[in-house]
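Take a look at the structure below.
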Amino acid sequence: MKVNNQWIRGIWSDDGGKTVCFPDQTKLPFRLEICREGTSDALIRAIKSMQVRGAPLIGAAGAWAAAFLCREAETEEELQEGLKRIAEARPTAVNLQWAVRRVAAASEGLSGAARAARAQKAAEEICESDIESNRAIGGYFAAIIEEVYRKNGRPVRILTHCNAGWLATIDYGTALSGLYVAQEKGIPMEVWVDETRPRMQGLLTEWELREAGIPCTLIADNAGGYLMQQGEVDLVIVGADRIASNGDVANKVGTYLKALAAKDCGVPFYVAAPVSTVDFSMAEGVKSIPVEERSRSEVTDISGIGPDGDVIRVQVAGRETAVRNIAFDITPARLITGIVTEKGIFAPGAGDRPFMPAPAGTRPE
Ligand SMILES: CSC[C@H]1O[C@H](OP(=O)(O)O)[C@H](O)[C@@H]1O
């Protein structure tokens with residue numbers, strides 16, 4: 001995306017893979033600071049601290065970390081231990097484990113500079129395919145937005161949770177990709193943006209949409225159900241961190257509650273994600289997908305801008321307060337109208353079994 005006349009991606013290399021650059025998302029939307037890192041350890045830290053975040057972007061950063069590791073490791077043991085540390089940096093987004101496996105497999109059997117070069121090529125391929133997937137996802141969801149616009153003849157009112165925009169990927173995003181494509185087609189929209197406690201990723205979505213000129217309104221997470229009940233939401237679109245084979249979806253905490261409200265109010269509820277977010281080894285998600293629990297400080301403290309314009313954190317709950325910081329929840333397939341992937345839209349809640357091994361010769365429409 002272009003920001004302040006500068007082309008920026010979730011992560012990119014401008015020196016032939018020696019280092020990678022990425023916006024520090026812990027400073028956004030208050031300050032746009034570009035980080036530059038060239039070691040696997042630095043990228044592990046960036047993933048854990050959420051300087052880079054969002055399932056596909058975590059995968060891409062993990063791929064680059066694995067590529068850096070392939071040029072750092074002096075023994076096979078060091079390599080395998082490092083790959084494990086990268087894959088375990090955050091547990092819920094399956095894209096991370098998937099990307100590390102892809103890079104490791106691509107460079108297996110090679111050594112030295114040849115291994116490093118092949119690993120880097122695999123990381124670059126993962127980044128490029130992410131852009132293509134997201135553009136395709138955007139095309140499918142933009143068609144749904146357009147259908148609502150043609151039917152109602154007014155701006156389409158869309159609610160989204162967390163951030164699944166270009167900041168969560170290499171470019172375009174997943175949930176927001178359809179909005180960007182719809183905007184290119186001249187379809188008017190008005191977006192309700194959940195602030196998304198505790199990390200407030202909704203502020204990233206609001207920043208993205210405002211920079212893109214798409215009208216949006218920031219709301220408290222708990223207001224979404226009321227807006228749906230009052231008929232002020234035409235569509236809900238969210239991202240995903242892991243999708244089980246039956247279509248159960250792990251996404252930012254609060255997504256499940258949005259899906260329940262949408263079901264109760266008859267509002268179509270869509271999930272947008274590349275197929276790399278599907279965990280084909282997992283038959284169902286509600287009981288099986290590992291849900292990350294993060295530090296208490298993300299709940300007890302909140303970031304903001306101080307009087308002198310610096311990013312500061314203030315404490316909103318006491319140190320003696322008991323806290324559980326549950327970072328994701330699982331939405332059952334039965335609550336999901338459609339999962340928008342680069343290979344099409346699937347409705348597991350309506351019986352589609354797109355991620356189960358389809359019988360030979362058949363493919364869900
Ligand atoms: C395009 S996937 C974005 C997905 O990742 C986010 O989690 P986090 O901000 O903790 O990395 C959130 O679940 C988004 O929907």
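Residues take their numbers from the sequence shown, with the count starting at 1. Counting starts at 1 for both ligands and their atoms, following the listed order.
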>> For Arg157, is there an ion pair with Glu190 - N to carboxylate O distance below 4.0 angstrom?
In response: no
> Is a salt bridge present between Arg135 and Glu184, judged by a nitrogen-to-oxygen distance below 4.0 Å?
Replying inline: yes
> Quick one: nearest non-hydrogen protein atom to atom 5 (O) of ligand 1, plus distance?
Replying inline: Asp241 OD2, 3.1 Å
> Ion pair present between Arg36 and Asp14, side-chain N to carboxylate O less than 4.0 angstrom?
Replying inline: yes
>> Please state which option from Gly239, Pro56, Gly10 has its nearest heavy atom closest to atom 2 (S) of ligand 1.
In response: Pro56
>> Applying the side-chain hydrogen bond (donor to acceptor under 3.5 Å, both in side chains) criterion to Asn163, which one of Gln25, Gln201, Arg53 satisfies it?
In response: Arg53
> Is it true that Ala240 lies under 4.0 Å from ligand 1, counting heavy atoms only?
Replying inline: yes
> Considering only the protein, which heavy-atom contact is closest to atom 1 (C) of ligand 1, and what is its distance?
Replying inline: Thr174 OG1, 3.2 Å
> Within 45 degrees of the axis of the six-membered ring of Phe269 and under 6.0 Å from its centre: does Lys263 put its NZ or CZ there?
Replying inline: no
> Hey, are the side chains of Ile339 and Val249 touching, using non-hydrogen atoms and a 4.5 Å cut-off?
Replying inline: yes
> With a 4.0 Å heavy-atom cut-off (strictly under), which part of Met50 contacts ligand 1: side chain, backbone, both or neither?
Replying inline: side chain
>> Using a 3.5 Å cut-off on N or O atoms only, is Asn163 in polar contact with ligand 1?
In response: no
> Which atoms of ligand 1 sit under 4.0 Å from any heavy atom of Ala168?
Replying inline: 1 (C), 3 (C)
> Could you walk me through whether Phe141 and Tyr270 pass the ring-ring contact (aromatic ring centres under 6.0 Å, His included) check?
Replying inline: CA-CA 9 Å; Phe141 193 63; Tyr270 286 93; 5.5 Å; yes
> Just distances here: any N/O of Gln201 and N/O of ligand 1 closer than 3.5 Å?
Replying inline: yes
>> Side chain or backbone, does Gly54 bring an N or O within less than 3.5 Å of an N or O on ligand 1?
In response: yes
> Looking only at protein heavy atoms, which one is nearest to atom 12 (C) of ligand 1, and how far off is it?
Replying inline: Cys162 SG, 3.3 Å
> Can Asp24 and Gln51 be said to form a side-chain contact (heavy atoms from CB on, under 4.5 Å), step by step?
Replying inline: CA-CA 5 Å; Asp24 179 349; Gln51 284 181 298; 3.2 Å; yes
> For atom 9 (O) of ligand 1, what is the nearest protein heavy atom, given as residue, atom name and distance?
Replying inline: Arg53 NE, 2.7 Å
> Are the charged groups of Lys258 and Asp221 less than 4.0 angstrom apart, N to O?
Replying inline: no
>> As an exercise, identify every atom of ligand 1 less than 4.0 angstrom from a heavy atom of Ala55.
In response: 2 (S), 3 (C), 5 (O)
> At under 4.0 Å between heavy atoms, which part of Ala175 makes contact with ligand 1: side chain, backbone, both or neither?
Replying inline: neither
> To the nearest 0.1 Å, how far is atom 15 (O) of ligand 1 from its closest protein heavy atom, and which atom is that?
Replying inline: Asn251 OD1, 2.5 Å
> With a 4.0 Å cut-off, would you call Asp241 and Lys252 a salt bridge?
Replying inline: no
> Which is closest to atom 10 (O) of ligand 1 by heavy-atom distance: Glu298, Arg90, Arg199, Gln25?
Replying inline: Arg90
